[in-house]
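Some notes on the structure that comes next.
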Number of protein chains: 2
Amino acid sequence: MVTDEMGAVRTPGRPRSEKAEKAIIDATVEMIAEGSGVSELSIEAIAARAGVGKTTIYRRWANKEELVVDAMATLKAPIPEPGGVSARDDLVSFLAAILKETGHPRHRCIMNLAMSESERFPHLLERFREIAIQPRQAALRSLLRRGAQTGELRADIDVEVAMATLNGAMVYFTKWRDKDEVLSPDLPERIVDQVLTGLRP
Amino acid sequence: MVTDEMGAVRTPGRPRSEKAEKAIIDATVEMIAEGSGVSELSIEAIAARAGVGKTTIYRRWANKEELVVDAMATLKAPIPEPGGVSARDDLVSFLAAILKETGHPRHRCIMNLAMSESERFPHLLERFREIAIQPRQAALRSLLRRGAQTGELRADIDVEVAMATLNGAMVYFTKWRDKDEVLSPDLPERIVDQVLTGLRP
DNA sequence: AAATTTCGATACGGTGTAGTTTCGCAACGC
DNA sequence: GCGTTGCGAAACTACACCGTATCGAAATTT
């Protein structure tokens with residue numbers, strides 16, 4: 001018996017292939033990114049795409065949902081950087097980062113699942129909150145709090161509502177715009193400036 | 001050969017049953033409202049639920065997507081009433097109407113489809129825009145324009161961004177709140193007031 | 001070398017659905 | 001009454017996928 005560098009016991013026999021594991025998860029992520037819902041995802045298709053036997057999948061995951069959950073867990077939330085000069089600039093950068101992500105298939109993957117299937121797959125929803133929603137909410141919240149402290153924003157702002165308007169506006173544009181309507185790249189600025197300034201004269 | 005009151009030619013033989021047609025569409029809507037995605041909907045299940053032979057469905061619709069499209073077409077956009085005293089009140093009423101709808105299964109049906117499957121089913125997306133998005137956008141847009149005309153809002157507001165923040169904020173709360181977090185009923189007011197006032201001191 | 005475990009491949013029985021066809025009956029115009 | 005068409009029910013063929021089992025080869029410990 002042998003222990004690896006982590007101190008874990010290594011059992012005899014051929015070790016599990018990390019390459020296969022990665023290929024399986026990659027295939028899963030790709031297929032979701034291409035628009036497959038969880039229910040359309042078949043183990044057979046994943047195995048074929050990953051160039052792997054079905055056995056290799058079943059040996060590692062008990063069911064589809066767990067595989068998808070693990071696949072999502074590999075998609076790290078890209079850290080939105082807080083380090084700007086003003087709250088306004090930080091907010092613009094934050095929204096710009098989100099806008100940029102939506103073009104990336106990996107995060108379209110997260111989005112698709114979040115929007116559609118989270119209701120039917122509770123574990124998935126849980127993991128999704130953890131990976132995608134909460135980090136961003138936390139970042140945005142601290143941005144707003146800091147702005148309120150420095151006096152750039154009112155001290156009594158409703159942070160949750162502010163988060164909803166900013167974040168919601170981006171989602172609205174990226175998900176519900178007309179099919180071939182182009183997103184103007186200054187969207188983040190327009191949104192932030194309007195939210196900061198308000199609509200009243 | 002006979003013509004009905006619309007002047008259309010009535011072919012010989014037994015006429016198609018409107019009752020069956022309604023039952024089919026109702027069953028479809030119900031199942032979607034309960035969380036079925038388009039791909040999970042089976043013609044067989046619809047037929048069984050509607051108390052109808054599969055033949056009766058296939059005779060009318062060539063495929064599932066067309067059936068779903070027709071089913072959605074029966075869900076009228078509930079007219080958001082414009083007749084308030086101030087732009088602020090109108091906006092609050094508008095958001096309140098949307099909030100109320102989200103509790104209603106029929107509109108959860110629309111929402112679910114819109115969020116999830118619209119990318120994969122272009123006809124569906126098209127119809128969804130027509131039924132759900134465009135009427136609301138139009139109503140909200142005219143509300144904002146009117147507010148700008150009366151001077152209650154600035155004359156130079158970015159209407160599209162304003163729509164996105166208001167509408168997006170509601171969607172954000174209704175879709176992405178924590179599972180058992182309750183929606184405070186004054187949400188529409190909080191959103192509208194913040195969007196109108198802005199975040200700056 | 002022997003034992004053990006995983007690998008990809010393939011095959012298997014079982015289930016669910018698609019879409020078609022057939023049946024006997026019902027509803028309509030002629 | 002007759003011809004036509006729609007009706008619900010059932011049977012049918014054809015897949016796709018599930019989850020398991022089996023295979024010979026490969027990788028690793030003992």
Side-chain angles (χ1 to χ4, degrees), chain A residues 1-28 31-32 34-68 70 117 120-121, chain B residues 1-28 31-32 34-71 117 120-121:
Chain A
M1 192 176 293
V2 155
T3 60
D4 63 12
E5 66 275 14
M6 305 295 286
V9 175
R10 176 148 2 135
T11 56
R14 176 173 175 172
R16 293 196 177 169
S17 158
E18 290 182 20
K19 201 167 111 189
E21 193 148 333
K22 188 175 180 312
I24 293 167
I25 288 192
D26 282 352
T28 307
M31 293 177 71
I32 294 173
E34 287 166 8
S36 296
V38 174
S39 40
E40 285 138 288
L41 229 44
S42 76
I43 299 285
E44 294 208 341
I46 295 174
R49 180 142 178 171
V52 141
K54 283 198 289 179
T55 333
T56 309
I57 297 183
Y58 282 115
R59 195 176 290 119
R60 292 165 160 75
W61 292 279
N63 57 55
K64 212 168 25 177
E65 187 174 357
E66 287 187 12
L67 167 57
V68 174
D70 276 9
E117 324 232 32
R120 262 167 292 166
F121 300 92
Chain B
M1 191 176 294
V2 155
T3 61
D4 65 12
E5 67 275 13
M6 305 296 286
V9 175
R10 173 141 13 127
T11 57
R14 177 174 174 172
R16 294 194 177 171
S17 158
E18 291 182 19
K19 199 167 113 190
E21 192 149 332
K22 187 173 182 313
I24 294 166
I25 287 190
D26 281 352
T28 307
M31 294 178 72
I32 294 174
E34 286 166 10
S36 297
V38 175
S39 40
E40 284 138 290
L41 273 180
S42 76
I43 299 286
E44 295 207 340
I46 295 174
R49 180 144 181 170
V52 139
K54 282 198 289 178
T55 335
T56 309
I57 297 182
Y58 282 116
R59 196 175 290 119
R60 290 156 211 264
W61 292 279
N63 56 56
K64 217 171 17 180
E65 185 174 358
E66 288 187 11
L67 167 57
V68 174
V69 166
D70 275 10
E117 325 234 31
R120 263 167 293 165
F121 301 92

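The sequence lines fix the lettering, A, B, ..., with proteins before strands; numbering per chain opens at 1.
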Among the candidates C/dA18, D/dC7, C/dG8, find the nucleotide nearest to the side-chain atoms of B/Arg60.
D/dC7

Step by step, work out the side chain to side chain contact (heavy atoms under 4.5 Å, CB included) result for A/Trp61 and A/Ile24.
CA-CA 11 Å; A/Trp61 292 279; A/Ile24 293 167; 3.7 Å; yes

Between C/dA18, D/dG8, D/dA27, which nucleotide gets closest to the side-chain atoms of B/Lys54?
C/dA18

Once you round it to whole Å, what is the distance between C1' of D/dT22 and OH of A/Tyr58?
16 Å

Starting at CD1 of B/Ile46 and ending at P of C/dG16, how long is that distance when rounded to a whole Å?
18 Å

Establish, with yes or no, whether the OP1 or OP2 oxygen of D/dG8 is under 4.0 angstrom from a side-chain nitrogen or oxygen of B/Thr56.
yes

Starting at atom CG of A/Asn63, determine the distance to atom C1' of D/dC17, rounded to an integer number of angstrom.
16 Å

Calculate the interatomic distance between B/Arg16 atom CZ and C/dA26 atom P; express it in whole Å.
21 Å

Along DNA chain C (nearest heavy atom to each residue), the more 5'-positioned of A/Ala20 and B/Ala62:
A/Ala20

Looking only at C/dC7, C/dT22, D/dC7, the nucleotide nearest the B/Thr55 side chain is C/dT22

Short side-chain to backbone donor-acceptor contact, A/Lys64 and A/Val38, under 3.5 Å:
yes

B/Lys64 atom NZ is separated from C/dG16 atom C1', nearest whole Å, by 12 Å

Go through D/dA21, D/dA27, D/dT20 for me and flag the one nearest to the A/Arg14 side chain.
D/dA27

Got A/Leu41 and A/Leu67 here, is their nearest side-chain heavy-atom distance under 4.5 Å?
no

If we ignore hydrogens and angles and just use 3.5 Å, is the side chain of A/Ser36 paired with the main-chain N or O of A/Met31 as donor and acceptor?
yes

C/dA9 P sits how many Å from A/Glu44 CD, rounded?
13 Å

To the nearest angstrom, how far is B/Ile57 atom CD1 from D/dG8 atom P?
9 Å

Test side chain to side chain contact (heavy atoms under 4.5 Å, CB included) on B/Thr56 and B/Arg59; report intermediate values, then the result.
CA-CA 5 Å; B/Thr56 309; B/Arg59 196 175 290 119; 4.3 Å; yes

Measuring to OP1 and OP2 of D/dA21, would you say a side-chain N or O of A/Arg59 lies under 4.0 angstrom away?
no

A/Leu67 has an atom CG; how far is it from atom P of D/dC17, in whole Å?
16 Å

